[in-house]
Amino acid sequence: MADMSFDVVIVGGGNKASVAAMYLTKYGKMSVGLFEDRHEAMAGWCAEEAPAPGFIAHQCSHLHADTLNYHRPLWDDFPEWKDYGADYVDRKVNYGFVDKVDQRWCGVYNLNLDPEQQKTYELFARFSQKDADTWMWITDKMNKYWEPAFLKWVFNPAVPYGQKDAMDNLIANPDAGIDPLWLTYTPVQIYHELFEDPFVQATFVRAMQSGGIEPDGAGQGLTALLAFCNWRRAGTAKGGNHQLAHATQRVIAENGGKFFYRSPVAKILIENGRAKGIKLENGTEIEAKKAVLSGVDPYQFVFNLVGPEHFDPLDVKRVKALSMDWITIGWYTWALHEQPKFYAEKWGEDIDHCMWLCSGTKDIEDVARESYQRRMNEWPDPENFQMIISNHSNAEPDCGYAPLGKACVITEQFVNPAWRYTEAEWKVIEKRFADEQIRHWQKYCPNMTWDNVIGYVPITPFYTSRHARNWGRSGNWNVLDMIPSQVGRNRPTPNLASGRIPGVKGLYATGAGWHPFGWGQSFQGYWTYKNFAQDFGLPKPWEEKGREF
Ligand SMILES: Cc1cc2nc3c(=O)[nH]c(=O)nc-3n(C[C@H](O)[C@H](O)[C@H](O)COP(=O)(O)OP(=O)(O)OC[C@H]3O[C@@H](n4cnc5c(N)ncnc54)[C@H](O)[C@@H]3O)c2cc1C
């Protein structure tokens with residue numbers, strides 16, 4: 001007999017699974033139990049007071065690239081979420097690029113603060129009038145066609161091959177201006193084709209790499225272009241991403257949902273083709289009266305929790321072969337005595353208000369070169385670092401990440417996967433890598449010497465792979481790479497992407513390893529509830545509110 005029982009039992013209190021739990025408890029009126037391996041839920045929305053008192057460091061998601069679209073339906077369906085602390089500080093400039101040699105920068109302004117994109121237009125025009133005009137053309141297409149289609153695509157379960165989804169309809173619409181050839185391009189090709197000035201091209205290529213899109217990856221041109229739709233209002237959660245987790249937890253708790261911590265799940269129990277519950281590593285069994293929802297990675301889900309015998313052999317083969325080694329990052333939070341001062345401030349002061357600034361070289365092939373190096377299992381050349389500098393403490397002191405007058409900055413540099421080095425080697429690398437970053441940073445900000453550093457938190461792929469099980473042996477922050485065979489209706493496999501598991505009743509899956517891709521947004525959590533609403537006849541707030549997604 002089971003030790004406990006819920007309508008829906010959730011494996012892993014991830015941010016996607018927890019968003020589904022918000023809907024299941026409040027709208028579906030289901031009893032829900034979430035069983036989490038760590039000391040707290042939502043590994044992807046966490047923050048700690050570090051590296052010094054009064055500073056906030058994110059061990060995982062930091063940049064929420066679109067503070068509206070990331071959680072678009074939630075703002076509507078859970079007005080209390082914001083009251084409980086889920087709120088953002090928008091940054092003036094979403095993303096940008098600063099060049100090592102001539103110390104100028106370019107960037108894209110936040111749509112919330114520059115709704116007509118006039119400021120972006122003016123900045124681009126300082127480099128190329130043609131590129132400024134192209135940006136206004138893209139903005140118009142995004143407003144009218146791309147963003148509405150994008151929202152329908154990401155906030156709905158994956159549609160199987162043979163049926164058209166929002167993206168297919170978008171591409172087929174001549175007014176949308178999408179050239180089908182772009183589907184086959186690499187991002188580098190697409191930015192070369194659209195823009196003529198290297199600064200403008202460089203503004204996009206490294207930022208999109210941060211989204212998980214390979215600059216040199218064939219067939220990723222359209223993804224790179226549509227990713228613009230998810231990068232229009234960049235910001236950070238007020239007080240850190242754990243505030244999102246706390247607010248989420250409160251909504252679930254007040255609607256009767258229960259979290260269980262330090263409760264690693266060993267097995268999903270299947271009997272006669274139906275998911276009956278789970279077994280924890282300590283042997284406790286929990287009954288699922290209606291369904292089991294998994295919020296972990298596809299590999300663990302298929303091979304450890306459910307067992308490959310319950311899946312189509314082709315899916316088993318495909319999940320085993322999933323690519324996970326490319327999206328692996330060094331992610332350091334720096335506590336600083338004073339704000340980094342850029343040489344490029346002379347060119348435009350708004351560089352200090354850029355959420356996601358790539359410090360690199362304006363030859364966009366350099367980003368591709370760095371990628372080739374990592375593919376050959378080499379450490380990226382420190383002379384060719386394409387390093388993101390995200391200073392979130394100067395322009396908006398109320399975001400609460402640093403004591404007033406001090407600075408808190410994240411840097412991101414893509415590096416090798418966790419398994420590439422031993423634990424002892426990573427310990428040596430951590431310090432060497434910190435030195436490499438400071439040397440690189442000085443080329444853009446003369447005051448960025450060790451004297452300015454109070455402390456730092458070194459997050460490497462090694463750390464990430466141990467932080468939560470779902471990030472696997474590579475420490476891939478998106479769980480899976482975002483190559484075309486692992487995006488949208490292909491993620492993790494075409495047969496599993498919808499989140500319903502063929503052949504097993506009452507078994508559902510969600511998380512960053514599912515359609516459409518990773519990131520700290522709420523897409524998967526929301527469409528997961530749509531599956532439940534359909535299968536169990538639960539309320540559909542989108543229909544009641546006339547929402548298109
Ligand atoms: C270093 C880093 C930087 C990132 N930066 C960004 C960023 O700037 N912007 C952005 O949008 N995204 C970013 N991300 C990605 C984002 O955080 C993740 O893609 C997303 O949060 C994953 O959500 P999820 O619900 O799938 O998983 P999670 O929120 O990770 O939740 C999965 C949960 O399942 C638990 N679990 C796993 N296995 C078991 C088990 N067997 N039993 C019980 N519990 C289990 C885990 O402990 C975890 O809490 C970053 C991630 C990392 C690691």
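Counting convention: from 1, in listed order, for ligands and their atoms alike. Scope of the values below: all heavy atoms of this structure, side chains included, with no hydrogens, waters or symmetry mates.
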Notebook entry, point to check: Going through the checks in order, is the salt bridge (charged side-chain N to carboxylate O under 4.0 Å, His left out) test met by E80 and K26?
Noted result: CA-CA 12 Å; E80 66 276 31; K26 178 173 167 174; 3.0 Å; yes
Notebook entry, point to check: Does ligand 1 have a heavy atom under 4.0 Å from the side chain of Y70, from its backbone, from both, or from neither?
Noted result: side chain
Next item on the list: Describe, in one word, how the ring planes of W527 and H515 are oriented to each other, choosing from parallel (under 30°), tilted (30 to 60°) and perpendicular (over 60°).
Entry: tilted
Check: For K289, does the NZ atom have more than 12 heavy-atom neighbours from other residues, nucleotides or ligands under 6.0 Å away?
Finding: yes
Next item on the list: Pick one of side chain, backbone, both or neither for how N15 approaches ligand 1, counting any non-hydrogen atom pair under 4.0 Å.
Entry: both
Next item on the list: Evaluate the side-chain proximity of N110 to M355: yes if any heavy-atom separation is below 4.5 Å, no if none is.
Entry: no
Next item on the list: May I ask you to decide if the ring planes of F414 and W326 are parallel, tilted or perpendicular, using 30° and 60° as cut-offs?
Entry: tilted
Notebook entry, point to check: Can an N or O of G44 be found at a distance shorter than 3.5 Å from an N or O of ligand 1?
Noted result: yes
Check: What are the atoms of ligand 1, with element, lying closer than 4.0 Å to any heavy atom of F35?
Finding: 43 (C), 44 (N)
Item checked: Stepwise ring-ring contact (aromatic ring centres under 6.0 Å, His included) test for W477 and W471 -> CA-CA 6 Å; W477 68 262; W471 285 314; 9.2 Å; no
Next item on the list: Tell me which protein heavy atom sits closest to atom 9 (N) of ligand 1, plus the residue, atom name and distance to 0.1 Å.
Entry: L63 O, 2.7 Å
Check: Please state which protein non-hydrogen atom is closest to atom 45 (C) of ligand 1 and give its distance, to 0.1 Å?
Finding: D37 CB, 3.6 Å
Notebook entry, point to check: With atoms numbered from 1 as shown, which atoms in ligand 1 lie under 4.0 angstrom from a non-hydrogen atom of G511?
Noted result: 26 (O)
Check: What protein heavy atom sits nearest atom 2 (C) of ligand 1, and how far away is it?
Finding: C60 CA, 3.4 Å
Next item on the list: Mind telling me whether Y88 and H64 have parallel, tilted or perpendicular rings, with 30° and 60° as the class edges?
Entry: tilted
Next item on the list: Could you pull out, from N470, L34, I278, T510, the option with a heavy atom nearest to atom 32 (C) of ligand 1?
Entry: N470
Check: G520 to ligand 1: N or O pair under 3.5 Å?
Finding: yes
Notebook entry, point to check: Taking atom 22 (C) of ligand 1 as the point of reference, which of G211, S210, A512 owns the nearest heavy atom?
Noted result: A512
Note to self: For the 3.5 Å polar cut-off, considering only N or O atoms, please tell me whether V265 and ligand 1 meet it.
What the structure shows: yes
Next item on the list: Write out the residue and atom name of the closest protein heavy atom to atom 31 (O) of ligand 1, then the distance separating them to 0.1 Å.
Entry: G14 CA, 2.8 Å
Checklist line | Contact check, A41 vs ligand 1, heavy-atom distance below 4.0 Å | finding: no
Notebook entry, point to check: Between the candidates L244, T464, N478, T328, which shows the shortest non-hydrogen contact distance to atom 53 (C) of ligand 1?
Noted result: T464
Check: Can you tell me the protein heavy atom closest to atom 1 (C) of ligand 1 and the distance?
Finding: Q59 O, 3.4 Å
Next item on the list: Give me the ring orientation class for Y332 and Y456: parallel if the planes are under 30° apart, tilted from 30 to 60°, perpendicular past 60°.
Entry: parallel
Margin query: Checking a contact table here: which protein heavy atom is nearest atom 35 (C) of ligand 1, and how many Å away?
Written below: E36 OE1, 3.3 Å
Next item on the list: Could you check atom 6 (C) of ligand 1 against the protein and tell me its nearest heavy-atom contact, residue, atom and distance included?
Entry: S61 CA, 3.1 Å
Note to self: Please classify the W331 to ligand 1 contact at 4.0 Å (heavy-atom distances, strictly less than): side chain, backbone, both or neither.
What the structure shows: side chain
Item checked: Sequence-distant partners of A533, side chain to side chain contact (heavy atoms under 4.5 Å, CB included), two or more places apart -> Y529, L538, K540, W542
Margin query: Please enumerate all residues that pass side-chain hydrogen bond (donor to acceptor under 3.5 Å, both in side chains) together with E40, with sequence neighbours excluded.
Written below: none
Note to self: For W356 and H62, take the angle between the two ring planes, folded into 0 to 90°, and tell me which bin it lands in: parallel under 30, tilted 30 to 60, perpendicular over 60.
What the structure shows: tilted
Item checked: Test of proximity, W45 against ligand 1: N or O pairs below 3.5 Å -> no
Margin query: Just to confirm my output: which protein heavy-atom neighbour is closest to atom 14 (N) of ligand 1, and how far is it?
Written below: W477 CE3, 3.2 Å
Notebook entry, point to check: Is there a donor in the side chain of T284 and an acceptor in the side chain of N282, or the other way round, less than 3.5 Å apart?
Noted result: yes
Checklist line | Subset of ligand 1 atoms that lie under 4.0 Å from at least one heavy atom of R38 | finding: 47 (O)
Checklist line | Shortest heavy-atom approach to atom 20 (C) of ligand 1 - which of W519, Y463, W356, F517 | finding: W519
Check: For ligand 1, is any non-hydrogen atom under 4.0 Å from Q300's backbone (N, CA, C, O), its side chain (CB onward), both, or neither?
Finding: side chain
Next item on the list: May I ask you to decide if the ring planes of F6 and F260 are parallel, tilted or perpendicular, using 30° and 60° as cut-offs?
Entry: perpendicular
Check: Taking the six-membered ring where the residue is Trp, are the ring centres of F549 and Y526 under 6.0 Å apart?
Finding: no
Note to self: With a 4.0 Å cut-off on N to O distance, would you call R432 and E436 a salt bridge?
What the structure shows: yes
Note to self: I want to know if ligand 1 touches K16 in the polar sense, i.e. an N/O pair below 3.5 angstrom.
What the structure shows: yes
